[in-house]
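Here is the naming used below: chain letters follow the sequence lines, and residue numbers restart at 1 for every chain.
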Amino acid sequence: MLDIQALRNDLAGIAARLATRGFVLDTAKFEQLEAERKTIQTRTQELQAKRNSSSKLIGQAKAKGEDVSAIMAEVASLGDELKQAEAQLGEVQVALQQFLEVIPNTPHSCVPIGKSEAENEEVRKVGTPPQFDFEVKDHVSIGEQLGLDFDTATKISGARFSLLKGGLARLHRALAQFMLDTHTDRHGYTETYVPYLVNADSMYGTGQLPKFERDLFRTSSGDSIGDVITNSQEDVKENTFSINKFYLIPTAEVPVTNMVRDSIVPLEQLPLKFVAHTPCFRSEAGSYGRDTRGMIRQHQFDKVELVQIVHPEQSYAGLEELLGHAETILQQLGLPYRVMKLCSGDMGFSAALTYDIEVWLPAQNTYREISSCSNFEAFQARRMQARFRNAQGKPELLHTLNGSALAVGRTLVAVLENYQQADGSVIIPEVLRPYMGGLERLSR
RNA sequence: GGAAGCUUGGCCGAGCGGUUGAAGGCACCAGUCUUGAAAACUGGCGAGGGUUUGCGCCCUUCGUGAGUUCGAAUCUCACAGCUUCCGCCA
């Protein structure tokens, strides 16, 4: 959420910055809501002040045994107007809140202006795509010899699920373990194990709600299957959520970042650095027909996620550091990649600056996203009321960062394709071999 | 699923329907003392918002939402969350 003060101070400027990401800020509506809010709030508070002071007088008079009927009549006459004013104020505040919570973050000044991913800016390219003296196969063809089984996954669940067996399943596990160990042992992150089902407040805190509910899976317990249809935006807002209304996390960013929701972190504990390996669940609504082959785009995939909770002055340095931590994994695995700075039109809702890391996929003859590292500045922290106590002892909003390091499924795809051999086997990158019982090659 | 209890500021913890935004303690900040620190002592100290050039003034806030009342942390109702016990269960 943006700072309402910033909107009051520089509405046109913020509108211009939002326009670069294709968001049209309805400035007239904001000004109208603000004007209404101001008059109604002033009036309401006047009436409340009058009621409060009169009620105090009544208390004092009664204590002295004086007659209070005159004052009581006076206060009573406020009743209706006050009630009405309070109701109006409530309405305008809700309207303002709803207006604010669907506005995306303002891009950082260094973000290139552009409409789509075509205008993202390449920051650097690392590694050289491997040359093959045979016809390269994609991970689906390679994988089906080694234990990648989409048919069975489809039988069990449906489209956009995959099933791994044997060495391939172990390689998948090895990748996650390697990533976790690297980040905890070498990069100073604290390993966390977190809930995969979260409440609406948490989804709101990181920005998935209220705008992107259709991208999420929501649960219902067996008892309340029939209730699913009645679950409404009202429930989400009123937070009348109970056990049958959890959301499946689309990324570990949600539970991990929300660790600091509604809390004040002592200054000396900053920065907080957490890593979590979790499955992620995405409805992929609206992506019909895209990446239908293979395990590039799934309803369920594993990801190792880095989260940093930092002092506002440190967030951009933190982002570079976090990006480097993600890159380390690719370097260790010997996978060629490039780093892209997302243009204004391609960034996610909550981000102020995002780097994507794209890994080389030989079969597609192109780079594909394998990590996304973002600085959210105070956007999420404001929604979460995640704060620290500054040097003056006053609570101040934190900055939040996160990045994938890496998406495990896509890393597996990249390893299969980049390390494929003419005979259909796959060489295991050296850093993974300790996790594979010393195995050097996957073959059928 | 059944039963009981609980929910107050950064933390712990008092709180009769009437100057209670809320005692007390811890933590924190400033000062005195000290070579320095600790201890002791003195003072300060919740958060969010409105308004004002500023001092300040005002509003909201005791899990959430309704209600009773001139007035609610205190009374009523609903809901949520937490804890414990029973049942079921990995």
Side-chain angles (χ1 to χ4, degrees), chain A residues 1-9 33-97 100 193 195-202 204 221-225 227 230-232 234-246 258-270 272 378 381-398:
Chain A
M1 194 154 65
L2 296 181
D3 182 3
I4 193 168
Q5 295 291 0
L7 283 167
R8 285 172 185 152
N9 294 337
L33 282 170
E34 259 295 282
E36 269 179 50
R37 191 224 92 230
K38 199 162 178 168
T39 52
I40 295 171
Q41 182 162 5
T42 309
R43 180 67 188 142
T44 306
Q45 294 191 352
E46 266 174 31
L47 291 167
Q48 286 171 327
K50 204 182 283 183
R51 179 204 57 199
N52 289 347
S53 57
S54 296
S55 291
K56 270 180 188 171
L57 285 178
I58 290 173
Q60 289 168 358
K62 273 196 163 176
K64 292 182 208 154
E66 293 167 6
D67 176 50
V68 294
S69 53
I71 320 177
M72 281 182 64
E74 195 191 323
V75 180
S77 70
L78 294 175
D80 281 349
E81 196 186 348
L82 179 58
K83 220 167 202 174
Q84 202 189 345
E86 282 176 338
Q88 282 179 352
L89 181 60
E91 280 170 28
V92 75
Q93 280 174 334
V94 166
L96 260 176
Q97 174 71 17
L100 287 174
Y193 169 79
Y196 305 155
L197 297 175
V198 302
N199 59 32
D201 282 346
S202 294
Y204 178 84
S221 74
D223 273 357
S224 58
I225 289 289
D227 296 345
T230 67
N231 287 353
S232 64
E234 297 296 305
D235 296 323
V236 176
K237 284 206 191 69
E238 304 294 323
N239 197 27
T240 53
F241 254 64
S242 56
I243 191 156
N244 58 331
K245 296 171 186 171
F246 289 119
N258 273 280
M259 285 166 68
V260 294
R261 171 157 55 83
D262 292 324
S263 58
I264 299 179
V265 181
L267 185 60
E268 63 272 18
Q269 283 180 19
L270 298 178
L272 296 172
R382 188 171 293 108
R383 290 174 160 247
M384 292 191 298
Q385 282 303 298
R387 296 169 294 173
F388 69 101
R389 219 171 266 288
N390 65 22
Q392 289 73 46
K394 287 292 163 195
E396 193 180 324
L397 293 172
L398 289 157

Over all atoms of both residues, closest heavy-atom pair of L33(A) and V92(A):
O-CG2, 3.7 Å

K56(A) vs T42(A), nearer the 5' end of RNA chain B by closest nucleotide:
K56(A)

If the cut-off is 4.0 Å, is R51(A) near the phosphate of U69(B), judged by side-chain N/O to OP1 or OP2?
no

Between K83(A) and E86(A), does any NZ, NE, NH1 or NH2 come within less than 4.0 Å of an OD or OE carboxylate oxygen?
no

Any side-chain heavy atom of L398(A) sitting closer than 4.5 Å to one from L270(A)?
yes

Check whether any side-chain nitrogen or oxygen of N52(A) sits under 4.0 Å from OP1 or OP2 of C59(B), and answer yes or no.
yes

Of the listed nucleotides (U51(B), C59(B), G71(B)), which one gets closest to any side-chain atom of K38(A)?
U51(B)

Say we look at C88(B) and G2(B): how far apart would their P atoms be, to the nearest angstrom?
15 Å

Heavy-atom nearest nucleotide on RNA chain B for Q60(A) versus R389(A): which residue maps closer to 5'?
R389(A)

C1' spacing across the pair U7(B) / C12(B), given as an integer number of angstrom
14 Å

Would you say Q5(A) places a side-chain N or O within less than 4.0 Å of OP1 or OP2 belonging to G50(B)?
yes

Is there a side-chain contact between I4(A) and E34(A) (heavy atoms, below 4.5 Å)?
yes

May I ask you to evaluate whether R387(A) reaches the phosphate of G48(B), defined as a side-chain N or O under 4.0 Å from OP1 or OP2?
yes

From CG of D201(A) across to P of C79(B) the rounded distance in Å is 19 Å

Base, sugar-phosphate, or nothing for K394(A), non-hydrogen atoms under 4.0 angstrom?
sugar-phosphate

